[in-house]
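Let me begin by presenting the structure, written as structure tokens, before commenting on it.
These numbers come from a predicted model, not from an experiment.
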Amino acid sequence: MKKPQPPNIAVLGRAHRALLEDLRTLEEDVGPESAANLAEFRTRLGATYTHVCEHFRFEEQNGYMDEVMKREPRLQRIVQVLGEEHRDLRQSLDALCGDIRLAASVDDAFREKVRQWIQRVRHHETRENELVQDAFNCDLAAED
């Protein structure tokens with residue numbers, strides 16, 4: 001018998017996959033073989049900003065964070081830290097978007113900043129996945 005999924009997990013999964021696709025495409029744009037011009041890069045970075053904000057908002061407002069807190073109050077501090085990281089990641093991407101709006105070209109230093117930001121997001125998403133697995137696996141194990 002299939003166990004019921006926690007609310008919003010399927011929607012969160014779709015949003016997560018969309019974010020990973022944005023990161024993959026952005027990573028290609030900052031790669032050494034990229035043919036993306038400045039206008040395309042500005043567009044990609046702006047779209048990524050929009051998607052990241054939507055993704056984080058979904059997680060924060062009645063999203064998985066609330067579900068984790070309801071199921072496992074012991075994880076409150078980790079949820080709080082991850083929420084703070086959302087703010088930091090948004091602010092740093094906003095700064096990158098501001099830099100690219102003023103840029104005459106995309107140089108290697110800027111590309112490296114974007115690559116570092118992508119790595120921070122990937123690390124953050126991995127930690128969120130581990131948190132959700134911890135919260136929901138504990139709950140499912142208790143039901144067995």
Next on the checklist: Please check: side-chain N/O of R122 versus main-chain N/O of W117, any donor-acceptor pairing under 3.5 Å?
Outcome noted: no
Next on the checklist: Classify the ring geometry of H124 against F56: parallel below 30°, tilted from 30° to 60°, perpendicular beyond 60°.
Outcome noted: perpendicular
Checklist entry - With no hydrogens and no angle check, is any side-chain donor or acceptor of R115 less than 3.5 Å from a backbone partner on V30? => result yes
Item to check | Single-linkage hydrophobic cluster, 4.5 Å side-chain cutoff, F110 and V52 together | outcome: yes
Counting only pairs under 3.5 Å, give me each side-chain donor-acceptor contact of residues 77-84, with atom names and distances, residues two or more places apart or in other chains.
| residue | atom | partner | partner atom | Å |
| --- | --- | --- | --- | --- |
| R77 | NH1 | Q80 | OE1 | 3.3 |

Item to check | hydrophobic_cluster_shared for F58 and V121, side chain cutoff 4.5 Å | outcome: no
Next on the checklist: Looking at Q76, I want to see if its CD is surrounded by more than 12 non-hydrogen atoms of other residues, nucleotides or ligands under 6.0 Å.
Outcome noted: no
Checklist outcome for this item: One should read off an interatomic distance between E72 CD and F136 CZ, to the nearest 0.5 angstrom, of 9.5 Å
Item to check | Gap separating the CG atom of L131 from the OG1 atom of T126, nearest 0.5 angstrom | outcome: 12.5 Å
Checklist entry - Hey, what do you get for CZ (R71) to CG (D66), rounding to the nearest 0.5 Å? => result 12.5 Å
Item to check | Shared hydrophobic cluster, V114 / L89 (ILVMFWY, side-chain heavy atoms < 4.5 Å) | outcome: yes
Checklist entry - R42 side chain to I100 main-chain N or O, any donor-acceptor pair under 3.5 Å? => result yes
Checklist entry - Are any of the side-chain heavy atoms of R120 and D88 separated by less than 4.5 Å? => result yes
Next on the checklist: Please determine whether a side-chain nitrogen of the Lys or Arg among R44 and E40 lies less than 4.0 Å from a carboxylate oxygen of the Asp or Glu.
Outcome noted: no
Checklist entry - Does a side chain donor of either H55 or E59 reach within less than 3.5 Å of an acceptor in the other side chain? => result yes
Item to check | Closest contact, heavy atoms only, D29 versus R111 | outcome: O-NH1, 2.9 Å
Next on the checklist: Minimum heavy-atom separation for D134 and L75, please, with both atom names.
Outcome noted: OD2-CD2, 3.6 Å
Checklist entry - Looking at CG of L102 and SG of C97, how far apart are the two atoms once the value is rounded to the nearest 0.5 Å? => result 11.5 Å
Next on the checklist: Can you list everything that forms a salt bridge (charged side-chain N to carboxylate O under 4.0 Å, His left out) with R127? Sequence neighbours excluded, please.
Outcome noted: E85
Checklist outcome for this item: CG of L19 to CZ of R24, rounded to nearest 0.5 Å, is 12.5 Å
Next on the checklist: Would you say that D22 contacts Y49 through its side chain, given a criterion of any heavy-atom pair below 4.5 Å between the two side chains?
Outcome noted: no
Checklist entry - Checking salt bridge (Lys or Arg N to Asp or Glu O under 4.0 Å) for the pair R17/E21: CA distance, chi angles, key distance, verdict? => result CA-CA 6 Å; R17 284 187 297 278; E21 178 61 20; over 6 Å; no
Next on the checklist: Can you tell me how far apart CG (L96) and OG1 (T48) are? Round to the nearest 0.5 Å.
Outcome noted: 10.5 Å
Next on the checklist: Just so I know, are the side chains of H51 and E54 near enough to count as touching, which here means a heavy-atom distance under 4.5 Å?
Outcome noted: yes
Next on the checklist: Quick one, L45 with L93, criterion side-chain contact (heavy atoms from CB on, under 4.5 Å). Give me CA distance, side-chain angles, the key distance, then yes/no.
Outcome noted: CA-CA 8 Å; L45 208 54; L93 182 56; 3.8 Å; yes
Checklist entry - So, does Q116 use its side chain to make a donor-acceptor pair with the main chain of K113 at under 3.5 Å? => result no
